[in-house]
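Throughout, residue positions are numbered sequentially from 1 according to the sequence presented. Worth saying up front: this structure is predicted, and the values here are computed from it rather than measured.
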Amino acid sequence: MEDWLKNLIEDDDLGLLNVKPKSKPISSDDRLINSFEEINKFIDENHKEPQVSSDILENKLFYRLTAIRDRESKSSHLKSFDRHNLLSTTINKYAPSSIAEIIADDDLGLLSSDQNDIFNIRDELKQGPNKNLRTHDYVGRHKKCVDFEKFEPLFKVCQADLRSKKRILKKFTTETSVKKGGFYVLKGILVYVDKIGEEEARNNRKQARLRCIYENGTESDILSRSLAKSLFLDGRVVTENVDEVLTSFASINEDDKPSGYVYILKSLSRNPQIRDIKDLYKIGYSETTVEDRIRNAENEPTYLMAKVKIVATYKMYNVNTQKFEDLLHRFFSSVCVSIDIIDHNGTRCTPREWFQIPFEIIQQAITLLQSGEIVNYKYSRENKAIEVKDDNR
């Protein structure tokens, strides 16, 4: 019997009996080290620490580094790899408060789209559905997106638009900004809202369950208010592609209905620091009449806690008035005035919709924006004039 087995092994020309040793699985320590080395590599190439910016990758590395610094167990393990002295001080205070925060701090790659990741759940960890789960107790879940190939091109286009400045990141300011087809950034992760379900009353407030797709190949069905809360804390809105928005400004006729108003206001504040600023105007938008919008101006920081005068209003047709306002803000960003205001609760606010610019220049820009020609122009702060871009001369 032993001779037979020996002959069988010797005649194994194809190596069928050569058992290859199993590759050593990547440990959690290895994943942590690899994630930290990505930060080191970024600093090697850019000569700076990652910061919050319009670059999604840099955002992700910034929040990752922040989480490592905030957890002593992580930072102490990485001391020998800290060639840039990033971990000289740490504060042990980390406690993730949202799905987006957990994703951004995914040092161990648990939420990656790799086939050998968390979605290959071991049998002993599998759990069946809870049949006693009540609808109002249901919590949004994060899972692998099975049809991610349908959304991946959208993420690539959005990333390209951000790099070319056709889209920008804006501060999240209102729950109504959560819309179907919108892109958002949570802790450095790009998120796409694919679907918005039917609204239902929860805790005396209406909200809907969403289908959110994440750029790392996962999805969640969180509630709209949950997403809004996360965006308020550490998120940004990705604006729409400027070229696509401009195409909707043409072909207005008598049969079209106005979609809102863009308005120009002048402050009536008696505060000398505000009153003495020449050519100070607010550019804003409203879906209702401007008179209704400013009725409570003296109690709102956005109006500098003072009454305002309506200088001009413009009816908008076939467009989202908020997009129109955003494009004007971007065009005049070089003359945006930061004014610190204290509201009635003692909270310091800095409205970002006031600009130091001659009124006639604003009128010119609105005309160019309505025609779509504004892409060929720029505003010169030095000359206080709208000028043709150099590449269009």
Fill in: Tyr192 and Phe151 aromatic ring geometry - parallel, tilted or perpendicular at 30°/60° bounds
tilted
Item to complete: Would you mind reporting whether Arg330 and Thr239 have side-chain heavy atoms less than 4.5 Å apart?
Response: yes
Worksheet item: Under 4.5 Å between any side-chain heavy atoms of Val238 and Leu169, yes or no?
Response: yes
Discussion item. For the CD atom of Glu37 and the CG atom of Asp44, what is their distance to the nearest 0.5 Å?
Written reply: 8.5 Å
Practice prompt. Give a yes or no on whether a salt bridge exists between Lys79 and Asp82, defined as a side-chain N under 4.0 angstrom from a carboxylate O.
Written response: no
Item to complete: Would you mind reporting whether Ile362 and Phe355 have side-chain heavy atoms less than 4.5 Å apart?
Response: no
Worksheet item: Can you check side-chain contact (heavy atoms from CB on, under 4.5 Å) on Glu49 and Ile43, steps first, answer last?
Response: CA-CA 6 Å; Glu49 288 187 19; Ile43 297 175; 4.2 Å; yes
Worksheet item: Does Ile342 belong to the same Ile/Leu/Val/Met/Phe/Trp/Tyr cluster as Ile277, with side-chain heavy atoms less than 4.5 Å apart forming each link?
Response: no
Fill in: Straight-line distance of Asp221 CG to Arg211 CZ, nearest 0.5 Å
10.0 Å
Fill in: Check: Thr302/Lys282 side-chain N/O donor and acceptor closer than 3.5 Å
yes
Worksheet item: Honestly curious: do Leu186 and Ile196 fall in one hydrophobic cluster under the side-chain, below-4.5 Å linking rule?
Response: yes
Discussion item. Which label fits Phe172 and Tyr184: parallel for a plane angle under 30°, tilted from 30 to 60°, or perpendicular past 60°?
Written reply: perpendicular
Worksheet entry | Test item: Arg275 and Ser269 side chains (from C-beta on) under 4.5 Å apart, heavy atoms | no
Worksheet item: How many angstroms lie between atom CG of Leu190 and atom NZ of Lys156, to the nearest 0.5 angstrom?
Response: 13.5 Å
Fill in: Salt-bridge present (Lys195, Glu219; N to O < 4.0 Å)
no
Item to complete: Classify the side-chain pair Asn345/Thr347 by whether it contains a donor and acceptor separated by less than 3.5 Å.
Response: no
Item to complete: Please step through side-chain contact (heavy atoms from CB on, under 4.5 Å) for the pair Leu32 and Leu78, ending with a clear verdict.
Response: CA-CA 8 Å; Leu32 179 59; Leu78 294 169; 4.0 Å; yes
Fill in: Arg64 side-chain N/O to Ile39 backbone N/O, donor-acceptor pair under 3.5 Å
no
Worksheet item: Does the side chain of Lys384 reach to within under 4.5 Å of the side chain of Ile357, using non-hydrogen atoms?
Response: no
Item to complete: Go through the side-chain N and O atoms of Tyr379 and Ser334 and say whether any donor and acceptor fall under 3.5 Å apart.
Response: no
Worksheet item: Are Tyr377 and Val388 side-chain neighbours, meaning at least one heavy-atom pair lies under 4.5 Å?
Response: yes
Practice prompt. Give the C-alpha distance, both sets of side-chain angles, the deciding distance and a yes or no for side-chain contact (heavy atoms from CB on, under 4.5 Å) between Glu38 and Lys41.
Written response: CA-CA 5 Å; Glu38 287 186 48; Lys41 182 180 178 182; 5.6 Å; no
